[in-house]
Amino acid sequence: MIVGERTIHEGEWISIDGTAGIVYEGQLATMVPDIKDSWLIKLLSWADDFRTLGVRANADYPRDAQRALDYGAEGIGLCRSEHMFFETDRLPHVQKMIMTDFPVERREALAALLPYQRADFAGLFRVMGGRPVIIRLIDPPLHEFLPDLVELVSELADLKIRLKHARDMAAIDALLSEIRQKEQLRKRAQSLREANPMLGLRGVRLGIYIPELTTMQVRAIFEAACMVTKEGTPVQPEIMIPLTSHVNELIRQRDVLEAEAKTVMTEQDVDIAYQFGTMIELPRAALTADRIAEHAEFFSFGTNDLTQTTFGISRDDAESGFLVEYMEGGILPANPFATLDRDGVGQLIDMAVKKGRSTKPGLECGICGEHGGDPQSIALCHELGLTYVSCSPFRVPIARLAAAHAALREKEQKPV
């Protein structure tokens with residue numbers, strides 16, 4: 001890497017300040033922040049006295065939830081349930097579920113995943129001790145759980161070359177078996193390939209297409225909730241259906257999932273106070289939020305996707321392509337994926353909150369995208385009357401301070 005007159009070679013150290021966006025040459029000394037420092041605790045307690053915006057954390061595992069609590073989070077604003085699927089002991093079951101065309105085999109694969117998901121959610125409920133835990137049902141497209149198609153084609157070509165030169169029968173048999181397995185994966189990956197997968201079969205659409213998948217997740221959530229309740233620990237699960245664009249999608253999916261939740265509670269003879277809500281991450285959902293709110297107890301704004309779909313920009317492509325030039329050239333005042341776009345995305349959020357609460361006064365509304373840890377974005381969320389922001393556990397102290405600053409600024413600006 002050449003920067004001006006400096007050349008950084010592979011293997012040499014650089015240090016990155018991810019907040020300020022500064023890259024330093026060499027390895028700088030770092031330290032884990034001491035959240036238990038008495039002066040910091042005092043400062044944050046003052047912030048908590050002033051702020052009106054709740055602060056939750058994005059956490060997928062109990063260790064993340066515990067860190068979030070240590071840093072002052074008031075609940076979990078986003079648990080990405082599919083992250084557990086990538087664990088090495090679970091991925092084979094996920095791939096079996098994807099690969100099979102037979103309902104019996106699909107149910108077997110999902111039955112094998114159920115205990116893992118149940119244990120994951122029980123761990124979160126135990127740590128959070130009755131605080132709200134928002135669990136987002138599976139969101140990404142299925143192809144993400146399969147090997148990359150290009151890599152599969154390359155591996156198949158390599159295996160066929162090795163087969164051509166193999167002489168030992170045992171080696172030939174092993175290669176043939178591996179080729180058959182890889183070919184099956186290639187065919188399925190090819191069949192699942194989409195021109196624009198992030199706007200394809202994912203989120204609520206996937207739940208409608210394979211209802212057994214999200215039904216398994218809801219069963220795991222409520223079995224875990226019943227188990228932890230019987231242990232004497234209160235629970236507050238909130239189930240989030242992602243990527244809703246039309247109210248009928250939410251109605252269809254919620255009917256199926258709520259029936260499963262009630263079945264589990266009847267089986268366990270335990271009543272759980274729960275909520276079903278949805279992610280607002282598409283402009284159409286924001287525009288029709290009043291109708292969607294009739295079938296949702298809460299809204300969570302997925303501001304990463306909402307920014308992508310509002311701007312018509314692919315985040316991955318833009319940040320590695322033209323976005324830097326746009327900011328340097330003054331076309332965009334800031335990276336809209338780092339700081340909420342007030343004039344566009346902000347207006348959609350404002351409209352959705354007002355429309356939603358016109359149907360359901362007091363509707364819980366929060367954001368769970370990466371903007372939840374950005375002070376400027378937090379200030380906008382305060383202005384728009386959101387219930388909470390959710391961010392990385394490490395950014396919870398920043399969010400607490402930023403929310404207090406927003407409340408104090410509002411107080412200063414009000415006429416006496």
Side-chain angles (χ1 to χ4, degrees), residues 59-64 78-124 135-160 162-163 170-194 197-198 200-224 227 239 242-243 257 260 264:
D60 305 325
Y61 298 97
R63 62 179 181 273
D64 300 323
L78 175 65
C79 167
R80 293 153 288 202
S81 62
E82 72 274 355
H83 278 201
M84 295 95 161
F85 290 167
F86 289 102
E87 300 286 340
T88 54
D89 53 352
R90 306 165 193 204
L91 190 56
H93 301 298
V94 179
Q95 291 180 342
K96 179 182 176 182
M97 183 269 296
I98 296 170
M99 294 295 295
T100 184
D101 291 318
F102 301 103
V104 173
E105 290 185 358
R106 175 175 289 166
R107 286 195 293 270
E108 288 174 353
L110 291 171
L113 284 169
L114 175 62
Y116 292 114
Q117 288 260 277
R118 182 173 57 222
D120 293 328
F121 300 139
L124 290 176
I135 299 169
R136 183 184 71 186
L137 302 178
I138 186 169
D139 183 45
L142 290 179
H143 76 85
E144 289 196 7
F145 301 100
L146 297 178
D148 180 74
L149 184 59
V150 175
E151 290 180 9
L152 280 171
V153 171
S154 176
E155 290 170 5
L156 274 167
D158 180 62
L159 287 168
K160 288 173 182 177
R162 288 164 57 191
L163 178 64
I172 290 172
D173 288 342
L175 285 167
L176 284 170
S177 175
E178 190 172 357
I179 287 171
R180 282 193 292 269
Q181 291 175 358
K182 297 279 186 184
E183 187 61 33
Q184 283 183 318
L185 281 171
R186 185 200 65 78
K187 287 180 179 178
R188 181 61 79 181
Q190 182 71 50
S191 70
L192 292 171
R193 192 176 191 181
E194 296 175 303
M198 298 316 290
L201 185 60
R202 56 170 286 222
V204 67
R205 303 161 194 164
L206 185 58
I208 292 171
Y209 185 69
I210 309 178
E212 309 97 307
L213 177 52
T214 46
T215 299
M216 178 277 292
Q217 291 192 293
V218 166
R219 172 166 282 274
I221 291 168
F222 279 85
E223 285 185 354
M227 179 194 311
I239 299 90
L243 209 73
L257 299 180
E260 185 70 11
V264 174

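Counting begins at 1 with the first residue of the sequence.
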Item to complete: May I have the step-by-step check of side chain to side chain contact (heavy atoms under 4.5 Å, CB included) for S177 and Q181, ending in yes or no?
Response: CA-CA 6 Å; S177 175; Q181 291 175 358; 3.9 Å; yes
Practice prompt. Check the pair R180, E183 against salt bridge (Lys or Arg N to Asp or Glu O under 4.0 Å), reporting the backbone distance first and the verdict last.
Written response: CA-CA 5 Å; R180 282 193 292 269; E183 187 61 33; over 6 Å; no
Item to complete: Report the C-alpha separation of E108 and K96 in whole Å, then their side-chain angles, then the decisive distance to 0.1 Å, and conclude whether the salt bridge (Lys or Arg N to Asp or Glu O under 4.0 Å) test is met.
Response: CA-CA 9 Å; E108 288 174 353; K96 179 182 176 182; 3.5 Å; yes
Fill in: Test side chain to side chain contact (heavy atoms under 4.5 Å, CB included) applied to L110 and R219, step by step
CA-CA 11 Å; L110 291 171; R219 172 166 282 274; over 6 Å; no
Practice prompt. Kindly indicate, with the supporting measurements, whether the criterion side chain to side chain contact (heavy atoms under 4.5 Å, CB included) is fulfilled by L146 and L152.
Written response: CA-CA 10 Å; L146 297 178; L152 280 171; 5.9 Å; no
Practice prompt. Starting from the C-alpha separation in whole Å, work towards a yes-or-no answer on side chain to side chain contact (heavy atoms under 4.5 Å, CB included) for M84 and F121.
Written response: CA-CA 10 Å; M84 295 95 161; F121 300 139; 4.1 Å; yes
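With rounding to the nearest 0.5 Å, the separation of OG1 in T100 from CD1 in I98 is 11.5 Å. Distance check: E212 CD to M216 CE gives 10.5 Å after rounding to the nearest 0.5 Å. Between the CZ atom in R106 and the CD1 atom in I210 there is a gap of 4.5 Å [rounded to 0.5 Å]. Rounded to the nearest 0.5 angstrom, L149 CG and H143 NE2 are separated by 10.5 Å. Of the inter-residue distances, the one linking L113 atom CG with M97 atom CE reads 7.0 Å to the nearest 0.5 angstrom. Once rounded to the nearest 0.5 Å, the distance linking CD of E260 with CD of Q217 reads 12.0 Å.
Shortest non-hydrogen contact noted between Q184 and M99 is O-CE, 3.2 Å. Here the shortest heavy-atom pairing between A224 and A122 reads CB-N, 3.5 Å. When all heavy atoms are compared, the tightest approach of S81 to Q117 is O-NE2, 3.4 Å. Residues P197 and R202 come closest through the heavy atom pair O-CD, 3.8 Å.
Not a single donor-acceptor pair under 3.5 Å links the side chain of E82 to the backbone N or O of P140. Formation of a donor-acceptor pair under 3.5 Å by the Q95 side chain with backbone atoms of F145 is found in this model. R118 places no side-chain N or O within 3.5 Å of a backbone atom of L114 that could act as its donor or acceptor partner. Judged by distance alone, the side chain of T215 and the main-chain N or O of P211 form a donor-acceptor pair under 3.5 Å. Within the 3.5 Å criterion, the main-chain N or O of G200 finds a donor-acceptor partner in the side chain of R205. Checked by atom type and distance alone, the side chain of E194 pairs as donor or acceptor with a backbone atom of L201 at under 3.5 Å.
E151 places none of its side-chain heavy atoms less than 4.5 Å from the side chain of S154. E87 has its side chain out of reach of Y116: every pair of non-hydrogen atoms, C-beta onward, lies at least 4.5 Å apart.
The salt bridge (charged side-chain N to carboxylate O under 4.0 Å, His left out) search around R188 returns D101, not counting sequence neighbours. For D158, the side chain to side chain contact (heavy atoms under 4.5 Å, CB included) partners at least two apart in sequence or on another chain are R162. In terms of the side chain to side chain donor-acceptor pair (under 3.5 Å) criterion, residue partners of D60 (sequence neighbours excluded) are, by chain and number, R80, H83.
Considering I138, D139, T214 as possible partners of L206, the one that fulfils the side chain to side chain contact (heavy atoms under 4.5 Å, CB included) test is I138. Just one residue in the list L243, V204, L257 forms a side chain to side chain contact (heavy atoms under 4.5 Å, CB included) with L137, and that residue is L257.
The environment of CZ in F86 is crowded: more than 12 heavy-atom neighbours from other residues, nucleotides or ligands sit within 6.0 Å.
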